[in-house]
Each structure stands twice: as structure tokens, then as C-alpha cells.
Amino acid sequence: MDKIKIPKNRIRKIRTLGLADKNYFSDINNRKGANKKLVDLCSNDYFGLSRDKEVIEAAYKGSIVEGLGSGSSLFISGSRPIHSVLEKEIAKWLDREKVLLFPSGFQANIAAIQALADRNSIVLADRLIHNSLITGIKASGAKLIRFLHNNLEDLEMKLSKLNAEKKSLLVIVESLYSMEGSLAPLNNIIQICEKHQAYLLVDEAHALGIVGENGKGLSYTFKDRIQIISGTFGKALGSGGAFLACDKIIGERIIQTSGAFRYTTALSPSLAAGTLLSLKKIKNNNWGIELLSFSKKWKQEIINSTDYIVIGDCHIISIIIGSENETLELQKYLEKNGFLAIAIRPPTVPIGKSRIRITIKRTLTNEILNNFISVLKAYK
Ligand SMILES: Cc1ncc(COP(=O)(O)O)c(C=O)c1O
């Protein structure tokens, strides 16, 4: 076999991090100081639910009753009562007719696109959508056209040009972009889609649990005007797996035709049980509102203490550095001072837009914020 060649600047190393406690990772691989504690400013465990004792207990009980793994796809013997309980709970919460579970958001997105587009379709996707969505578009065989990030004029202009082609149209956006922390102007996007008779798919991965009415995501208020919303359990819900929410007809189409739904081992019953309790906790608390207000404080403090451009509308904040090397330097400096905030570089973000991405979590404290700001101020 030919030697696999990967450009040097694309090489990333996987490192193993242990769980120290709710706000910290311990760096197991760190040669200079094994088990050095690092404040977690990078995971998507926004409410710390992955380490919540009751959630873990629920997951444990779920696996005792229904198995750690489901053992097969839903069509063979993988379906458990906990799956339908979770589906119904999410459907009720989001007021959608049908919810379908998946082992991951990556897979759910592939299924969502195949339900709304095929090789005769044209997909208009925001410039910054997640890799899973791009993969789904490629798998569907549809023609891909990208529009500028959150740019309504560009979307409208591109759709207008396509109307004459009489093809089926699909627009894909995220409600909260994972690397920019920017919110989509969903109201306007929906109006444009309706005007041009385009389907709309919204990925709510980073918004769900936090943004919108009671953390129900940005899509909630628009209901069926959005054909499919996708959500993952791996972020605010602190678990793993994902779902698609849609109407009965689209749901049935996915059940009957989607390989990504049919030919995969069903979501682990243990994760489903843990997710169910996470959802209950999110519903019963005001964590989203609190997190958004705490995130505002973080952003303002970072702006006050650096000359960098700082972006992000919610709990994802990016400090834009530009050069890859300088971003890596800042990552190393922060890490030396006890903060794990990862340098995000091309191809994840455009060239020249390298950044330190910071995720704010419910478990973080004012003391951690103050320490972080002192460390940042002392840089260079
Ligand atoms: C916007 C977005 N969509 C989908 C996914 C995939 O979700 P999962 O991690 O459940 O596969 C991610 C995960 O990084 C994401 O950020």
C-alpha cells in the first residue's frame, strides 16, 4: 500500500485526559507533570451533566435493566422501551410529531439530508456548517452551493437564481455555530425558504438545552415551518447519541429508507436512560438563561483584557488570533497556566482565522474566570 501522506499542518495528536473533578481534566500524558489539573474550557459538556451522579446512576440502572448495548439495529432486536420513552419525551418537549434516535449526531445529519435531498436536488448550505452535514450532502448526491455565513442577501440571491431550474431545494443551517458561537437569523431564513419553496434543516447541536424558550433551541418557536431539526445528546445533555425531530411523513420516510437509521446498532439503552434524566433536569431548571448570562460576563471580561477580536453570541466564545502558530503558542501558554482551551485551526476554520475556542459551562466559577483573565492579561 502507498504510504499515506498527510500535510504536516493537518497532523493532530489524540491525547488522553482523565476526569479530575467537575471543572478539571487531568492530563495523563503530560510528561512534565503527570495528572496536572487543567480547567476544562473546551468540552461541550455545557451543564456538567456527563459527571452528574444522578445521571450516571440512571444510565447504570438503564444498563442493568435493558443492557449496556442494544445488541443490534432497531429492526432486529435493538429497540428497548427506554428508546420509545425518550423519543416521546423529546417529541413532547419540542412539540414535534416524530422523533427518531441515532447513535450519533454525525449519523443523524446524514439521515436528515438523505430524507430531504437526492441527486436531483440542490442544497444551499451556510459556509460554516459542520462536517457531518457536508458529508451528508455528498452522500445524498445533491449539488452543493454554499452561501456566506449568516448572509441573508447571499442566500436569497442564490435561491432566486435557482428557481428556474425546477429542482428540489434544501437549505441547511445550524442554529448556533460551533466555532463562531454565532446565532442564525432563523426567522428570516425561514421566510426566504418559504418564498422559494425550499426545505429547511436546522442543526441544533450546540443550542439545545441552552438557547431559546426553556432551552428548546431556536427552532422551537417555528415548529413545522422547519422540516427537520437535528440535536445531539453529546453536548448540553452530557450523554451520547442524537435525534431527528420532524413530522410523521418525513419520519416514516427515514424509518423506511435511511441506511444511517436502519443499519446501525441502536443507541445504547444506558445512554438513553442517562439522557432521559438529563432532559428532565434541563426542563426543571433555568440553567440555559443562567449560562447565557455568565457567558456574557466571560466575553466582556476577555474583551476588556485583550486587544484580540472576540466573537460569540452565547456560551461559545472565540478569541481570534489569525496565525496558526500564534494560536498554538497561546494554547501552550494557557495550558502551562492550568487552562485547557484548544487552538482551532484550518481546515476546521478558514485559513487566517485560527482561534482559541472557549466554551463556558455551568460548573465554572467567578474565581476561575478571574484567574483566567489574570493569566490572559499577563500574556506577552
Ligand atoms: C454542529 C454539530 N452537528 C453535529 C455534530 C455531531 O454530533 P455527534 O457528536 O453526536 O456525532 C457536532 C459535533 O461536534 C456538531 O458540532
Side-chain angles (χ1 to χ4, degrees), residues 12 14 40 42-47 49-50 59 83 86-87 90 99-116 123 125-140 146 149-150 170-184 186 189 200-212 217-219 226 228-245 258 260-261 264-268 270-272 274-275 278-279 312-318 342 344-345 347-349 355 357-361:
R12 304 282 188 269
I14 295 174
D40 166 17
C42 56
S43 82
N44 304 313
D45 185 13
Y46 299 124
F47 295 141
L49 285 168
S50 83
H83 290 134
L86 182 58
E87 281 174 358
I90 298 171
V99 163
L100 297 169
L101 302 179
F102 290 80
S104 81
F106 204 101
Q107 229 170 311
N109 278 343
I110 292 173
I113 294 164
Q114 286 185 332
L116 298 176
V123 176
D126 187 286
R127 187 78 199 79
L128 298 184
I129 54 165
H130 189 258
N131 182 277
S132 55
L133 295 161
I134 298 291
T135 305
I137 298 164
K138 286 184 184 160
S140 75
R146 325 249 348 217
H149 176 53
N150 272 349
L170 167 64
V171 171
I172 303 181
V173 299
E174 288 175 32
S175 52
L176 172 60
Y177 286 83
S178 56
M179 295 297 144
E180 307 294 293
S182 49
L183 288 166
L186 213 45
I189 290 171
L200 178 58
L201 163 61
V202 180
D203 181 336
E204 292 267 22
H206 291 272
L208 210 76
I210 302 152
V211 177
L218 272 195
S219 306
I226 296 166
I228 301 185
I229 71 158
S230 92
T232 164
F233 305 140
K235 304 192 192 298
L237 287 126
S239 167
F243 71 90
L244 294 180
S258 168
F261 179 75
T264 189
T265 302
L267 175 68
S268 138
S270 171
L271 290 177
T275 303
S278 286
L279 181 60
D313 300 331
C314 297
H315 50 289
I316 298 170
I317 297 168
S318 279
I342 301 296
I344 308 288
R345 297 173 282 150
T348 310
V349 293
R355 67 201 57 189
R357 173 183 183 262
I358 290 170
T359 54
I360 311 304
K361 281 169 285 298

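In each ligand, atom 1 is the first atom listed, and ligand 1 is the first ligand listed.
Residue pairs meeting the side-chain hydrogen bond (donor to acceptor under 3.5 Å, both in side chains) criterion with at least one member in residues 100-113, sequence neighbours excluded, are Q107-T264, N109-S132, N109-D203, N109-S230.
Between L100 and F261, some side-chain heavy-atom pair lies under the 4.5 Å cut-off. At least one side-chain heavy atom of N150 sits under 4.5 Å from a side-chain heavy atom of Y177.
Take R357 and apply the salt bridge (charged side-chain N to carboxylate O under 4.0 Å, His left out) test, not counting sequence neighbours, and it matches no residue. Residues that satisfy the salt bridge (charged side-chain N to carboxylate O under 4.0 Å, His left out) test with K361, not counting sequence neighbours, are D40.
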Output, or 'none' if empty, a list of ligand 1-protein atom pairs in which both atoms are N or O and the distance is under 3.5 Å, rounded to 0.1 Å.
| residue | atom | partner | partner atom | Å |
| --- | --- | --- | --- | --- |
| ligand 1 | 3 (N) | D203 | OD2 | 2.6 |
| ligand 1 | 10 (O) | G105 | N | 2.7 |
| ligand 1 | 10 (O) | T232 | OG1 | 2.8 |
| ligand 1 | 11 (O) | G105 | N | 3.1 |
| ligand 1 | 11 (O) | F106 | N | 3.0 |
| ligand 1 | 14 (O) | H130 | NE2 | 3.3 |
| ligand 1 | 14 (O) | K235 | NZ | 2.9 |
| ligand 1 | 16 (O) | H206 | NE2 | 2.8 |

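No side-chain donor-acceptor contact under 3.5 Å links E174 to the backbone of A205.
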